[in-house]
Q: 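Please read through the structure below; I'll follow up with questions.
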Amino acid sequence: MSYVDEIMNMVVEKNPAQPEFHQAVKEVLESLRVVIEANEEAYKKDALLERLVNPERQIMFRVPWVDDKGQVQVNTGYRVQFNSAIGPYKGGLRLHPSVNIGIIKFLGFEQIFKNSLTGLPIGGGKGGSDFDPKGKSDREVMAFCQSFMTELYKYIGADTDVPAGDIGTGAREIGYMFGQYKRIKGLYEGVLTGKGLSYGGSLARTEATGYGLLYLTEEMLKSNGKDIAGKTVAISGSGNVAIYACQKAQQLGAKVVTVSDSTGWIYDSEGIDVALLKEVKEVKRARLTEYAAARKSAQYHDKKAEGTNQWSVKVDVALPCATQNELNIDDAKALVANGVIAVCEGANMPTTLEATQYLQANNVLFVPGKASNAGGVATSALEMSQNSERLSWTFEEVDAKLQGIMVNIFHNLDDAAKKYGMDGNYVAGANIAGFLKVAEAMTAQGIV
Ligand code: NDP
Ligand code: 2IT
């Protein structure tokens, strides 16, 4: 049995009931096959793949807090410190009822390669909790965040592990967590990113993931003789990534006709009104039905009642920006039948393996999230740099750096795919380019 297959089997056997983690490892290892096989003896002797798929450290803890009725609630907190070969652990905190150790491990594993692709010195980590911020009062969210940080602070720090936002964790949650860290540690340091501008945050971090997704998509289309301007785009999600993807797509001359949340989706024939979307989602924290109620050109579709989603709409470009496995084989078939030319992932692993293969087999340009959504973590690393030098850069400076990083990521993965004889396979290109740097650093640092 080949080394890659041996490791795949081991991961499934040793980590039962973690299907998302298996899926993430499978996608990466399959496309690394040619690289591993070229150097199999050395990698095997050093157990490089065994070390790569085993987190350096996994922390799980109890998070008790008191709700507004005086009832004690108990959640589980997680931080997986996956790989620190190229820098301190870096990655977001997800707050969503679906969170479990397998989800955090898949996200942490992806983060290793994503962070490597940015070209910046950051290792891979991820954390979160099964706490659901939806429908909670600000005081309840604060109580949870303070309790969460009262345990997490022991394991993080500006030079060891720097968490940030993800699903359910935005500026409000990062603020409460930062306040509690500072209070317990008595230390004002850049221990979290995505902070508010008044206490060490970076301009353009809020926009970075969505903007970065579009910078990379634009460059990828250009390199294939196409232009984002004039294209019709479907976006899923209506959170941080989706909103700023929408904004940048429209600035670049595309028309975004859909957004979604977990219950429904919007088709807006005039193009999504970003100001209205921000008001509904960022200010009111309301549902998309409110967007439809406020705009004549918008139709609201209930996902469950209709059994439909935004991938049934005829578009040129699809940007999944909500969550894992939200674009399956039936969705891929519908997109291809409608003539889609490109799918670039804003979320982490939103496309199933089967759907990815179908899109690639039908010549759809496909960029995996670890490359196309890397603008968020890249700008987090720029926030760390600003915190270290105790300076703040202008929006234009950060945005220009972000753009340069995304263009660079695309060319690195394009070159890697070509070098290994898989021209146009951006999944393979991203995994190979991300892996090689981490593998070299791990090898250089000995058996640790
Ligand atoms: P937000 O919490 O801001 O928004 C999440 C959006 O996705 C909401 O519209 C939410 O709908 C929807 N959603 C969440 N879970 C589900 C689900 N199970 N089914 C259907 N819809 C769902 O999160 P972000 O925008 O920050 O994150 C979106 C994706 O992007 C995630 O995969 C995240 O890991 C990834 N990402 C985020 C980065 C960042 O900087 N924030 C960086 C790189 C990747 P509802 O409100 O109904 O739950
Ligand atoms: O998935 C991701 O890259 C993020 N949620 C952002 C992580 C970060 O450290 O900014």
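Start at 1 and go down the list; that is how both ligands and their atoms are numbered.
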Q: Hey, are Glu290 and Arg287 close enough for a salt bridge, meaning a charged N less than 4.0 Å from a carboxylate O?
A: no

Q: With a cut-off of 4.0 Å, which atoms of ligand 2 are near a heavy atom of Gly91?
A: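 Counting from 1, the qualifying ligand atoms are 7 (C), 9 (O).
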
Q: Tell me whether Thr263 has any N or O atom under 3.5 angstrom from an N or O of ligand 1.
A: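 Between Thr263 and ligand 1 (N or O atoms, distance only) the closest approach is not under 3.5 Å.
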
Q: Going by distance only, is there an N or O of Gly237 that falls short of 3.5 Å from an N or O of ligand 1?
A: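 Looking only at distances, the answer is no, because the N/O contact criterion of under 3.5 Å is not met.
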
Q: So is there a nitrogen or oxygen of Gly168 less than 3.5 Å from a nitrogen or oxygen in ligand 1?
A: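 Yes: some nitrogen or oxygen of Gly168 is under 3.5 Å from one in ligand 1.
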
Q: Counting non-hydrogen protein atoms only, what is the nearest one to atom 19 (N) of ligand 1? Give residue, atom name and distance.
A: Thr323 CG2, 3.7 Å

Q: Below 4.0 Å, non-hydrogen atoms only: which portion of Thr379 touches ligand 2? Side chain, backbone, both or neither.
A: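 The answer is neither.
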
Q: Heavy-atom contacts with His96 under 4.0 Å: which atoms of ligand 1 show up? List them by number with element.
A: 15 (N)

Q: Please list the nearest protein heavy atom to atom 10 (O) of ligand 2 with its residue and the distance rounded to 0.1 Å.
A: Ser380 OG, 2.5 Å

Q: Can a protein heavy atom be found under 4.0 Å away from atom 31 (C) of ligand 1?
A: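 Yes, at least one protein heavy atom sits under 4.0 Å from atom 31 (C) of ligand 1.
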
Q: Does the ring centre of Tyr188 sit less than 6.0 Å away from the ring centre of Tyr199?
A: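 For Tyr199 and Tyr188, the ring centres are not under 6.0 Å apart.
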
Q: Do the two ring centres, one from Phe82 and one from Phe109, sit under 6.0 Å apart?
A: yes

Q: Would you find more than 12 non-hydrogen atoms of other residues, nucleotides or ligands less than 6.0 Å from Glu306 atom CD?
A: yes

Q: Parallel, tilted or perpendicular, judged at 30° and 60°: which one describes the rings of Phe144 and Phe131?
A: parallel

Q: Please evaluate residues Thr169 and Arg94 with respect to the criterion side chain to side chain donor-acceptor pair (under 3.5 Å), reporting the C-alpha separation (whole Å), side-chain torsions for both, the decisive distance (0.1 Å), and the verdict.
A: CA-CA 6 Å; Thr169 308; Arg94 177 173 293 190; over 6 Å; no

Q: Suppose we measure from atom 29 (C) of ligand 1 to each protein heavy atom; which comes out shortest, and what is that distance?
A: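 Answer for atom 29 (C) of ligand 1: Ala322 O, 3.2 Å.
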
Q: Flag yes if more than 12 heavy atoms outside Glu440 fall under 6.0 Å of its CD atom; otherwise flag no.
A: no

Q: Above 12 or not: heavy atoms from other molecules or residues under 6.0 Å from NZ of Lys154?
A: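 Above 12, so yes.
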
Q: Taking distance alone, with N or O pairs closer than 3.5 Å, would you say Ser262 contacts ligand 1?
A: yes

Q: Please state whether Lys134 comes within less than 4.0 angstrom of ligand 1, counting heavy atoms only.
A: yes

Q: Would Asp166 count as being in polar contact with ligand 1, using the rule that some N or O on each side must be under 3.5 angstrom apart?
A: yes

Q: Under the side chain to side chain donor-acceptor pair (under 3.5 Å) criterion, do Lys26 and Gln23 qualify, and how do the steps go?
A: CA-CA 5 Å; Lys26 187 166 182 206; Gln23 182 183 341; over 6 Å; no

Q: Nearest non-hydrogen atom to atom 5 (N) of ligand 2 belongs to which of Asp166, Thr169, Ile167?
A: Asp166

Q: Is there a polar contact between ligand 1 and Thr209, counting only N or O atoms under 3.5 Å apart?
A: yes

Q: If we only count N/O pairs under 3.5 Å, is Lys303 in contact with ligand 1?
A: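 N/O-N/O distance below 3.5 Å does not exist for this pair.
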
Q: Which residue and non-hydrogen atom of the protein lie closest to atom 14 (C) of ligand 1, and at what distance in Å?
A: Ile167 CD1, 4.1 Å

Q: Should Arg94 be listed as contacting ligand 1, given a heavy-atom distance under 4.0 Å as the test?
A: yes

Q: Identify which of Lys114, Glu383, Glu110 has a heavy atom lying nearest to atom 2 (C) of ligand 2.
A: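 Nearest heavy atom to atom 2 (C) of ligand 2 lies in Lys114.
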
Q: Taking 4.0 angstrom as the limit and counting only heavy atoms of Cys321, give me the atoms of ligand 1 inside it, by number and element.
A: 28 (C), 29 (C)

Q: Please report which non-hydrogen protein atom sits nearest to atom 7 (C) of ligand 2, along with the residue it belongs to and the distance in Å to one decimal place.
A: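 Protein heavy atom with the smallest distance to atom 7 (C) of ligand 2: Gly92 N, 3.5 Å.
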
Q: Answer yes or no: does an N/O atom from Lys281 fall short of 3.5 Å to an N/O atom of ligand 1?
A: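 The answer is no, given that Lys281 and ligand 1 share no N or O pair closer than 3.5 Å.
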
Q: Can you report which non-hydrogen protein atom sits closest to atom 41 (N) of ligand 1, along with the distance?
A: Asn240 OD1, 3.6 Å

Q: Check whether any heavy atom of Ser260 sits under 4.0 Å from an atom of ligand 1.
A: yes

Q: Look only at interatomic distance and state if Lys114 has a nitrogen or oxygen under 3.5 Å from any nitrogen or oxygen of ligand 1.
A: no

Q: What protein heavy atom is closest to atom 9 (O) of ligand 2, reported as residue, atom name and distance in Å?
A: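 Minimum-distance protein heavy atom for atom 9 (O) of ligand 2 reads Lys90 NZ, 2.7 Å.
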
Q: Tell me which one of Gly125, Gly194, Pro163, Ala164 gets a heavy atom nearest to atom 8 (C) of ligand 2.
A: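 Nearest option to atom 8 (C) of ligand 2, by heavy atoms: Ala164.
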
Q: Starting from atom 24 (P) of ligand 1, what is the nearest protein heavy atom, named by residue and atom, and what distance separates them?
A: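 For atom 24 (P) of ligand 1, the nearest protein heavy atom is Val241 CG2, 3.9 Å.
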
Q: Considering both backbone and side-chain atoms of Arg205, is one of its nitrogen or oxygen atoms within less than 3.5 Å of a nitrogen or oxygen in ligand 1?
A: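 Min N/O separation from ligand 1 is below 3.5 Å for Arg205.
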
Q: Could you identify the single nearest non-hydrogen protein atom to atom 6 (C) of ligand 2 and state the distance to 0.1 Å?
A: Arg205 NH2, 3.6 Å

